[in-house]
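Below is one structure, written out as structure tokens; the observations come after it.
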Amino acid sequence: MKSGDKYIPLEKLNSIKKEALENPEKFWGEQAKCLDWNKTWDKVLEWHVPYAKWFINGRLNACYNCVDRHILNNRRNKAAIIWEGENGECRILTYYELYREVNKFANVLQNLGVETGDRVAIYMPMIPEAAIAMLACARIGAIHSVVFSGFSADALAERINDAEAKVLITSDILYRRGKKIDLKGIVDKALLNCPTINHTVYVKRNNDLKLMEGRDYCWDELMKGAKNYVEPVPVEANHPLFILYTSGTTGKPKGVVHSTGGFMVYTTKTLEWTWGINDMDVFWCTADIGWITGHSYVVYAPLACGTTIVMYEGAIDYPNPGRIWEIIEKHGVTILYTAPTAIRMLMMYGEEWVKKYNLSTLRMLGSVGEPINPRAWKWYYEVVGQKRCPICDCYWQTETGGHVIYPPIGIQDIPLKPGSATFPGIGIDADVVDEYGNSLPPNKRGLLVIKNPWPGMLMGLWKNDARYRAAYWERIKNCYCPSDYAIKDEDGYFWILGRADEVLNVAGHRIGTAEVEHVLISHPAVAESAVIGKPDDIKGEVPVAFVVLNKGYQNKKELKEELIHYVKETMGPIATPHMILFVNKLPKTRSGKIMRRILKKLIMGEELGDLSTIEDNTSVDEIRKELSDFK
Ligand code: WT7
């Protein structure tokens, strides 16, 4: 099916949106039929701010919906997971094969003493076993807590302990940029401080894996003796499907809890509305399963839709900048869902790399994680999508479970504006308000809020009610506050401006670091930038910008002055960077988020602390040198 075949008239979309807000119970009750339920709910929604319960007393199993129901029809032999390793190794699991593996592993978990409601930690690379482990947990009603495999031993232990996980599923090594990373070493260190873990299961990829008798097991060994079928446990819709930790404004991570029924309905429906996913699709979301995007749109929603997904272990520009395009051509990917930071990096390598490959299978594109600057949008649209593929800029968060502001290009050909995630999605009553909660007129910057509950909304924070209320519900009364700045333009399009909690205060004026960055990257010389606040005796704080230049631009004093002037002109004198540093690379997490806290510490000459999530250490060394040259 080509894109466009499923389009509905705009009036129809508007009436659906209207109904979803006016009669959410009727609307979501209808939508929930996209899943198979063991028992229908008694009530669609109970809403006592700030807690929503969806599909009360309904019973279902997420794993059944992602796997079992497809093997009962002609998807049985369809590829569920196309896995590719960094070295080009490839594994394909059909839905039937996935079914078999998931059943067996569910039995392995049972044999290790895991019961419904128990927590299981998953610390794994991007290999099919990671998805199998998640689905096996869901099958028996165990709550998984996936910890990104780039986290350090301390971070892993902290998350395991907060959730009091009984079992840890991991792997001995992972492959990244041609290197073997020793996960086992990290796990051993973490487990010194994890009293709740009884057993650890290792996917063995190296020959010399040393296991601790009675505690550690090898995945393959346990699978050998496992039963072929485990009855999926139908859980109440509000039984937690998983916990996923995310960072907040304080140092301690927040354990975001998602439900089974609401989460599954919301992610499945948003996947359909976003790209009109269908059986011809090969869907590649490049996110790691360690993040929410990997939960919602690598594993749960696509598999619930019976889609073929691509899972790739490795860097998308390794061993060469054409890697991502090579994979698209090789597997005939139809929808690519990635992040602006990846797009900017690929753009820097130049379009020659894209042109080497045949990308004619692509029909739609997606962007997520941060606002996409118009230049990157244009490149993505013209060079990657060859002006044929609409781009869905999806705004959402770990907490929202699924897309909340996005163009539903799967069902409607709505005009896009590069850099805008367009409109609040179906069933989302979003607005831009001032600090008192008053709706703002067009083009006024304010806080983004969501005024109603939606099925994908987090259930709360794991065992931390006070923090749940404080983090999301106290800033604006009775509204969910994602802590992002936004404006709504005169056509009602939403433009996300960046986090409302990474703000600078320059001489009494608040400046979003993301806003300054946005201006900088709109300059032709700038590929990427990160802005932080540097303490200043007079102004309180002044912005400092780290800039990665585009190919062909040179590190010259004149260019620095030009950029400073450019920001001053575009944003006003208070936003003027106090200094600009040209660097080759910004320190980033493996999920592509710029680590501003590290830049801040570098500027302040402070100890850097935990660097375990950083993608590439050389960025830090280079900045240190640049700073010492500057002084
Ligand atoms: C924050 C959430 C859920 C996606 C992965 C990140 C920013 C996310 C967009 C977008 C502008 C975006 C926001 C949000 N963000 N998508 N399309 N346009 N900003 O999940 O780690 O929970 O981060 O990412 O600031 O609050 P996350």
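Only heavy atoms go into these numbers, but all of them, side chains included; no hydrogens, no water, no symmetry mates. Worth saying up front: this structure is predicted, and the values here are computed from it rather than measured. Whatever order the structure lists ligands and atoms in, that order sets their numbers, starting from 1.
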Query raised in the report: Between Asp393 and ligand 1, is there a nitrogen or oxygen pair with a distance under 3.5 Å?
Result: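 By distance alone, the answer is yes.
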**Prompt:** Which pair of non-hydrogen atoms, one from Thr307 and one from Phe283, has the smallest distance, and what is that distance?
**Reply:**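 Heavy atoms only, the tightest pair is CG2-CB, 3.8 Å.
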Taking only non-hydrogen atoms of Cys394, do any sit less than 4.0 angstrom from ligand 1?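 Yes, Cys394 has a heavy atom closer than 4.0 Å to ligand 1.
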| query | Would Phe148 and Arg159 count as a side-chain contact (heavy atoms from CB on, under 4.5 Å) if you check the C-alpha gap in whole Å, the side-chain angles of each, and the deciding distance to 0.1 Å? | reply | CA-CA 10 Å; Phe148 175 57; Arg159 285 159 178 77; over 6 Å; no
query: Between Thr398 and ligand 1, which part of the residue brings a heavy atom under 4.0 Å of the ligand: side chain, backbone, both or neither?
result: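 The part of Thr398 near ligand 1 is both the backbone and the side chain.
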Measure Ile292 to ligand 1 on non-hydrogen atoms and call it side chain, backbone, both or neither using the 4.0 Å cut-off.
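It is the side chain that gets close, since no backbone atom is under 4.0 Å.
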Next on the checklist: Does Met311 form a side-chain contact (heavy atoms from CB on, under 4.5 Å) with Trp284? I'd like the steps, not just the answer.
Outcome noted: CA-CA 7 Å; Met311 243 179 131; Trp284 187 15; over 6 Å; no
Please list the nearest protein heavy atom to [atom] with its residue and the distance rounded to 0.1 Å.
| atom | result |
| --- | --- |
| atom 7 (C) of ligand 1 | Gly369 O, 3.2 Å |
| atom 4 (C) of ligand 1 | Val368 CG2, 3.3 Å |
| atom 5 (C) of ligand 1 | Thr293 OG1, 3.5 Å |
| atom 2 (C) of ligand 1 | Trp396 O, 3.6 Å |
| atom 6 (C) of ligand 1 | Lys593 NZ, 3.9 Å |

Practice item. Under 4.0 Å from a heavy atom of Pro371: give me the atoms of ligand 1 that qualify, with their elements. Key: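 Those atoms are 11 (C), 18 (N), 19 (N).
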Margin query: Only heavy atoms of Asp484, strictly under 4.0 Å: list the atoms of ligand 1 that pass.
Written below: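 By the 4.0 Å cutoff, the relevant atoms are 13 (C), 14 (C), 25 (O), 26 (O).
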Legend entry - Sidechain N-carboxylate O distance under 4.0 Å for Lys417, Asp489: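 Here Lys417 pairs with Asp489 in a salt bridge, since their nearest N and O are under 4.0 Å apart.
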request  = Decide, yes or no, whether a salt bridge links Arg323 with Glu84 under the criterion of side-chain N to carboxylate O below 4.0 Å.
outcome  =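 Yes, Arg323 and Glu84 are salt-bridged.
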Note to self: Given Gln397, His403, Glu399, Glu370, identify the one with the heavy atom nearest to atom 12 (C) of ligand 1.
What the structure shows: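 Looking at heavy atoms only, Glu370 sits closest to atom 12 (C) of ligand 1.
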Residues Tyr123, Ile160; criterion side-chain contact (heavy atoms from CB on, under 4.5 Å); working and verdict: CA-CA 10 Å; Tyr123 181 67; Ile160 288 175; over 6 Å; no
- Item | Test of ring centre spacing under 6.0 Å for His144 and His295 |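 Yes, close enough.
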Exercise. Is the charged tip of Arg177 near the ring of Tyr318: under 6.0 Å from the six-membered ring centre and within 45° of its axis?
Worked result: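 Here Arg177 fails the 6.0 Å and 45° test against Tyr318.
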